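Worksheet for the structure shown next.
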Amino acid sequence: MLRLRCAMLFVKEMAPMLAFYRDAMGFAVLGDASDPNWVELDAGGATIALHVIPPAHAADIVITAPPAAREDSPVKLIFEVPDVAEARARLASRGAVMHALRSWGTCDGLDPEGNVFQLAPSRR
């Protein structure tokens with residue numbers, strides 16, 4: 001059986017992305033975070049790796065404030081939480097762009113670079 005070990009996000013600017021996933025999402029940094037181009041975080045059963053995009057490719061990416069959704073990305077990370085409304089409010093209070101809670105109990109948000117993620121109720 002296959003198991004997801006790590007999901008990697010390519011990032012333009014490491015500092016705001018690391019701050020978001022470490023501080024707002026609450027994921028602990030794994031190992032030494034001194035490499036300016038790579039960091040792994042414990043996302044509770046899998047890791048999230050942040051990897052800086054090479055400058056030649058990063059030059060074409062525009063980051064807005066607030067971030068605009070990267071509509072062309074084929075990936076959406078889904079995070080389980082015990083209480084979607086509480087997690088939504090906590091992330092919004094930390095500056096995350098959060099969308100309305102859906103009638104089926106999920107909520108989408110944007111990280112600082114516009115990657116769409118979802119909060120979903122725990123299955124357990």
Side-chain angles (χ1 to χ4, degrees):
M1 178 170 144
L2 299 175
R3 285 179 47 117
L4 178 65
R5 187 191 97 192
C6 183
M8 184 170 68
L9 292 175
F10 288 100
V11 304
K12 181 173 181 173
E13 298 175 9
M14 178 64 81
M17 292 291 282
L18 175 57
F20 177 76
Y21 284 98
R22 181 192 58 216
D23 303 336
M25 292 292 240
F27 299 148
V29 173
L30 297 171
D32 181 10
S34 63
D35 185 338
N37 297 308
W38 176 267
V39 67
E40 287 187 53
L41 301 116
D42 181 352
T47 61
I48 292 180
L50 304 178
H51 187 335
V52 173
I53 299 168
H57 298 291
D60 295 332
I61 298 171
V62 176
I63 306 299
T64 61
R70 285 191 178 162
E71 299 286 334
D72 58 349
S73 176
V75 176
K76 180 196 289 188
L77 300 177
I78 301 172
F79 300 101
E80 282 189 341
V81 295
D83 184 328
V84 173
E86 182 279 326
R88 178 187 178 279
R90 182 176 47 78
L91 289 170
S93 75
R94 294 177 152 268
V97 173
M98 299 302 300
H99 299 289
L101 189 62
R102 293 189 175 109
S103 61
W104 54 89
T106 66
C107 175
D108 284 355
L110 304 177
D111 72 16
E113 293 196 359
N115 297 299
V116 179
F117 65 87
Q118 184 175 90
L119 302 177
S122 298
R123 292 182 178 173
R124 299 172 195 145

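Model, not experiment: these values are computed from the prediction. Only heavy atoms go into these numbers, but all of them, side chains included; no hydrogens, no water, no symmetry mates.
- The heavy-atom pair separating Val84 from Ala120 by the smallest distance is CG2-C, 3.6 Å.
- Taking the side chain as every heavy atom from C-beta outward, Phe79 and Ile48 approach each other to under 4.5 Å.
- Distance check, rounded to the nearest 0.5 Å: NE2 of His99 to CG of Leu101 gives 13.0 Å.
- Clustering ILVMFWY residues whenever any of their side-chain heavy atoms sit less than 4.5 angstrom apart, transitively, puts Val52 in the very cluster that holds Leu9.
- When all heavy atoms of Pro67 and Asp111 are compared, the closest pair comes out as CG-O, 3.3 Å.
- Using a distance-only test at 3.5 Å, with no hydrogens or angles considered, no donor-acceptor pair links the side chain of Lys12 to the main chain of Ile63.
- Hydrophobic clustering, with ILVMFWY side chains joined whenever heavy atoms are under 4.5 angstrom apart, keeps Met8 apart from Val11.
- With hydrogens and angles disregarded, no donor-acceptor distance shorter than 3.5 Å links the side chain of Thr106 to the backbone of Leu119.
- Taking each heavy atom of Ala49 and Glu40 in turn, the nearest pair found is CB-CG, 4.0 Å.
- In this structure, the side chains of Leu41 and Met25 stay at 4.5 Å or more apart for every pair of heavy atoms.
- A donor-acceptor distance shorter than 3.5 angstrom exists from the side chain of Glu113 to the backbone of Glu13, with no hydrogens or angles considered.
- Taking CD from Glu80 and CD from Gln118, the interatomic distance works out to 11.0 Å, rounded to the nearest 0.5 Å.
- Considering CE of Met98 and CZ of Arg88, their distance stands at 6.5 Å, rounded to 0.5 Å.
- The distance from atom CG of Leu50 to atom CZ of Arg22, rounded to the nearest 0.5 Å, is 10.5 Å.
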Tyr21 vs Phe117, ring pair (Phe, Tyr, Trp, His ring centres under 6.0 Å): CA-CA, chis, key distance, verdict: CA-CA 11 Å; Tyr21 284 98; Phe117 65 87; 7.2 Å; no
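- Between Val116 and the options Val75, Leu110, Val97, Leu77, a side-chain contact (heavy atoms from CB on, under 4.5 Å) holds for only Leu110.
- Taken from CD1 in Ile61 to CD1 in Ile53, the straight-line distance is 3.5 Å, to the nearest 0.5 Å.
- Met14 and Trp38 get closest at one heavy-atom pair: CE-N, 3.6 Å.
- Listed for the Arg90 side chain is a donor-acceptor partner under 3.5 Å among the backbone atoms of Ala24.
- In terms of hydrophobic clustering, with Ile, Leu, Val, Met, Phe, Trp and Tyr side chains grouped at heavy-atom distances under 4.5 Å, Phe10 and Met17 are assigned to different clusters.
- The CZ atom of Phe20 lies 5.5 Å from the CG atom of Leu91; values are rounded to the nearest 0.5 Å.
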